[in-house]
Student: 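The following block contains the structure, expressed as structure tokens.
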Amino acid sequence: MPDRKTIGVLALQGAFARHIDVVKSLGVSTVELRDPDDLPGINALIIPGGESTAMSKMLVRWGLIEPLQKLIKGGLPVFGTCAGLILLADRLKDWDALPRLGGLNITVARNAYGRQLDSFEASLNITIPGSPEFSESAMEGVFIRAPRIPADSVGSGVEVLCSYDGFPVLVRQENILGAAFHPELTGDNRLHEWFLREIINP
Amino acid sequence: MSEKIWSGRQSSEWRKNVGLAEMLKGGVIMDVVTPEQAVIAAEAGASAVMALERVPADIRADGGVSRMSDPKMIKGIQEAVSIPVMAKCRIGHFMEARILEALGVDFIDESEVLTPADDQYHVDKTSFKVPFVCGCRNLGEALRRIGEGAVMIRTKGEAGTGDVIEAVRHMRTLMDEIHVLTVMPKDQLMSAARDMGAPYDLVEEVARIGRLPVPNFSAGGVATPADAALMMHLGAESVFVGSGIFKSGDPARRAKAIVEAVTNYKDPAKLAEISEDLGEPMVGINCDDLSEKERLASRGW
């Protein structure tokens with residue numbers, strides 16, 4: 001999918017390099033975002049997994065929260081995975097004071113599945129009308145000290161694209177896509193392709 | 001992808017454990033000895049903490065046998081912070097490792113900083129569910145540890161010195177040896193594997209992909225934001241800081257500065273701002289003044 005668009009990948013901490021590898025393999029250029037000066041020229045944003053507390057500190061330190069919130073409100077396509085989902089949540093269980101971007105009308109519970117020994121993989125059945133590539137086979141979801149979205153916390157405007165074990169794990173609200181798992185780690189790029197196609201170039 | 005290709009392994013344990021190592025990239029893992037220090041580290045933006053009873057500088061000063069930490073102390077740190085908690089076991093001490101696994105630590109460091117329990121063998125890390133990180137001084141040592149199941153490598157440096165020279169030496173050695181493999185004709189790889197004492201399949205893979213098949217971090221001697229940035233430029237994907245933070249004059253500020261330096265290692269102007277007015281760094285020991293038996297890095301087989 002060759003495209004002249006540029007995807008900004010938040011590179012404050014975490015698995016940003018893996019997202020960059022995936023996006024590049026799909027023929028789209030990327031830029032590492034660490035500073036408001038890096039923002040002009042980006043057409044979309046990916047927020048990787050990592051430690052949400054560490055990323056939050058850096059968002060504050062380098063003055064990224066307000067400019068990013070403004071861009072997201074203005075329709076900038078965003079894809080957040082794991083810690084990225086936490087940073088995009090309007091509400092956090094237990095630690096709502098964590099400075100973050102918000103935008104997704106959901107509540108997220110951090111580390112709700114437990115410690116690393118409780119990390120797991122699961123086959124995910126993603127259902128997106130008009131996107132048959134997801135019905136061909138399940139996607140493997142790697143959940144690493146993953147956040148959880150209580151089903152009753154999903155507010156208006158949010159579509160649940162996939163649930164596992166009774167909990168939403170993939171959600172979309174207009175220009176914002178959030179996953180509790182790590183599609184950048186498995187080599188199955190369907191979700192990144194879909195994000196590029198449906199959200200960035202609808 | 002075939003299970004023979006380490007970096008493409010598809011087993012669940014491997015993927016989620018290498019995955020956690022991936023999540024720790026671009027960050028700082030800090031040694032802490034109390035829950036209060038763990039909170040300071042997390043507040044500063046540490047991506048994980050290493051719970052231990054004494055920082056390496058004190059282990060060096062106190063002498064004697066250094067062992068796994070008291071589980072009570074580890075639990076206190078687990079309760080104090082939400083970021084991953086690592087803990088150290090002695091080289092080859094698989095029962096300390098089992099105990100740490102039972103405690104639910106997020107990562108075990110089979111570490112030369114503690115007194116080795118076995119003078120020939122390391123822990124068989126493939127038999128654990130919990131991920132392991134191990135130290136190395138060169139590529140052969142790194143690949144032996146990966147062959148035993150480590151999902152993260154850290155170059156050893158010389159812990160508890162505040163002198164970065166050994167960290168630089170080990171990272172340069174590792175990166176140079178990786179580079180040499182990438183340009184080596186295939187018919188020489190078996191002899192290279194023999195010479196460095198490393199599994200052939202891993203040697204062949206490193207030659208092909210030009211990097212370790214697991215994340216590669218740096219440890220042992222980082223004391224300043226500039227040290228951290230230096231290690232990132234030399235090839236580290238994250239930095240462990242032991243004594244450098246809590247043996248300095250103002251740990252909270254220094255911790256925050258080192259975290260910021262790892263993110264902004266390519267930006268000297270920001271590094272200048274970050275490095276300003278941090279108070280006294282740890283006093284440190286010049287590595288050249290250490291005798292061979294005082295060097296922790298030579299532990300490991």
Side-chain angles (χ1 to χ4, degrees), chain A residues 10-19 21 32-35 37-38 48-62 81-84 86 92 94-95 98 109-112 114-123 140-147 181-182 184-188, chain B residues 1 7-8 10-29 41-49 78 81-86 101-108 128-131 151 215 237-238 255-257 259-260 262-267 269-270 273-274:
Chain A
L10 195 67
L12 300 173
Q13 192 272 323
F16 54 89
R18 296 296 293 262
H19 278 287
D21 291 346
E32 295 181 6
L33 299 181
R34 295 188 172 86
D35 190 276
D37 291 347
D38 302 327
E51 281 308 310
S52 53
T53 51
M55 284 190 234
S56 168
K57 307 275 174 209
M58 296 289 210
L59 285 170
V60 173
R61 175 71 167 91
W62 305 108
T81 58
C82 196
I86 294 170
L92 288 190
D94 301 331
W95 197 14
L98 183 79
R110 299 165 70 240
N111 296 347
R115 299 196 158 272
Q116 177 61 8
L117 288 172
D118 306 305
S119 292
F120 62 98
E121 286 197 6
S123 285
E140 283 175 87
V142 187
F143 292 79
I144 300 170
R145 290 169 43 91
F181 55 97
H182 290 280
E184 77 281 12
L185 295 180
T186 56
D188 180 346
Chain B
M1 272 178 269
S7 51
Q10 298 295 303
S11 81
S12 166
E13 293 301 326
W14 174 261
R15 276 211 303 216
K16 73 187 190 198
N17 283 342
V18 175
L20 180 59
E22 293 282 346
M23 297 309 134
L24 297 171
K25 280 186 179 176
V28 181
I29 299 154
E43 274 297 306
S47 50
V49 290
Q78 286 174 319
V81 294
S82 64
I83 56 178
V85 175
M86 303 185 170
E101 184 176 54
L103 287 170
V105 302
D106 296 296
F107 237 104
I108 295 176
F128 287 76
K129 272 190 77 170
V130 66
V151 297
E237 294 173 305
S238 259
K256 188 161 168 279
V259 170
E260 291 171 2
V262 167
T263 298
N264 295 288
Y265 72 98
K266 293 176 189 163
D267 188 337
K270 267 192 188 165
E273 188 189 329
I274 289 164

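Here is the naming used below: chain letters follow the sequence lines, and residue numbers restart at 1 for every chain. Treat the numbers as computed from the prediction; the structure is a model and nothing was measured.
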Student: When you check the gap from the basic side-chain N to the acidic O, do K270(B) and D35(A) get nearer than 4.0 Å?
Tutor: yes
Student: How many angstroms lie between CD in E260(B) and CD in Q13(A), if you round to the nearest 0.5 Å?
Tutor: 13.5 Å
Student: Without hydrogens or angle criteria, can the side chains of S82(B) and R110(A) be said to hold a donor-acceptor pair below 3.5 Å?
Tutor: yes
Student: Would you say the side-chain atoms of K16(B) pair up with the backbone N or O of S119(A), donor to acceptor, closer than 3.5 Å?
Tutor: yes
Student: Checking R18(A) now: which residues fulfil salt bridge (charged side-chain N to carboxylate O under 4.0 Å, His left out) with it, not counting sequence neighbours?
Tutor: E22(B)
Student: Could you check which of E101(B), K266(B), Q78(B), K129(B) has the highest count of heavy-atom pairs closer than 4.5 Å to chain A?
Tutor: Q78(B)
Student: What is the minimum heavy-atom distance between A54(A) and G45(B), and which atoms define it?
Tutor: CB-O, 3.2 Å
Student: Taking side chain to side chain donor-acceptor pair (under 3.5 Å) as the test, write out the residues that go with D106(B), two or more places apart.
Tutor: R115(A), R145(A)
Student: Where does P84(B) contact chain A at under 4.5 Å (heavy atoms): side chain, backbone, both or neither?
Tutor: both
Student: Is there a side-chain contact (heavy atoms from CB on, under 4.5 Å) between E13(B) and E121(A) once you walk through the steps?
Tutor: CA-CA 9 Å; E13(B) 293 301 326; E121(A) 286 197 6; over 6 Å; no
Student: Restricting to non-hydrogen atoms, name the atom on L12(A) and the atom on T263(B) that form the minimum distance, rounded to 0.1 Å.
Tutor: O-OG1, 2.6 Å
Student: Checking heavy atoms, do the side chain of A21(B), its backbone, both or neither come under 4.5 Å from chain A?
Tutor: neither
Student: Please find the pair of heavy atoms, one from M58(A) and one from V259(B), that lie closest to each other, and give the distance.
Tutor: CE-O, 3.3 Å
Student: With respect to chain B, which residue among A11(A), S52(A), P48(A), A15(A) yields the maximal number of heavy-atom pairs within a distance under 4.5 Å?
Tutor: A15(A)
Student: Start with the C-alpha distance between R61(A) and E273(B), add both sets of side-chain angles, then the distance that settles salt bridge (Lys or Arg N to Asp or Glu O under 4.0 Å), and finish with yes or no.
Tutor: CA-CA 12 Å; R61(A) 175 71 167 91; E273(B) 188 189 329; 3.6 Å; yes
Student: Shorter than 4.5 Å, heavy atoms on both sides: which option in W62(A), F16(A), W95(A), F143(A) has the most such pairs with chain B?
Tutor: W62(A)
Student: Please state whether the side chain, the backbone, both or neither of E237(B) comes within less than 4.5 Å of a heavy atom of chain A.
Tutor: neither
Student: Salt bridge between E43(B) and K57(A), side-chain N to carboxylate O under 4.0 Å?
Tutor: yes
Student: Test your reading of the model: is there a side-chain donor-acceptor pair from E51(A) to the backbone of M23(B), 3.5 Å cut-off?
Tutor: no
Student: Tell me, for A42(B) versus chain A, whether the close heavy atoms (under 4.5 Å) come from the side chain, the backbone, both or neither.
Tutor: backbone
Student: Hey, could you give me the CD1/CD distance between I108(B) and Q116(A), rounded to the nearest 0.5 Å?
Tutor: 11.5 Å
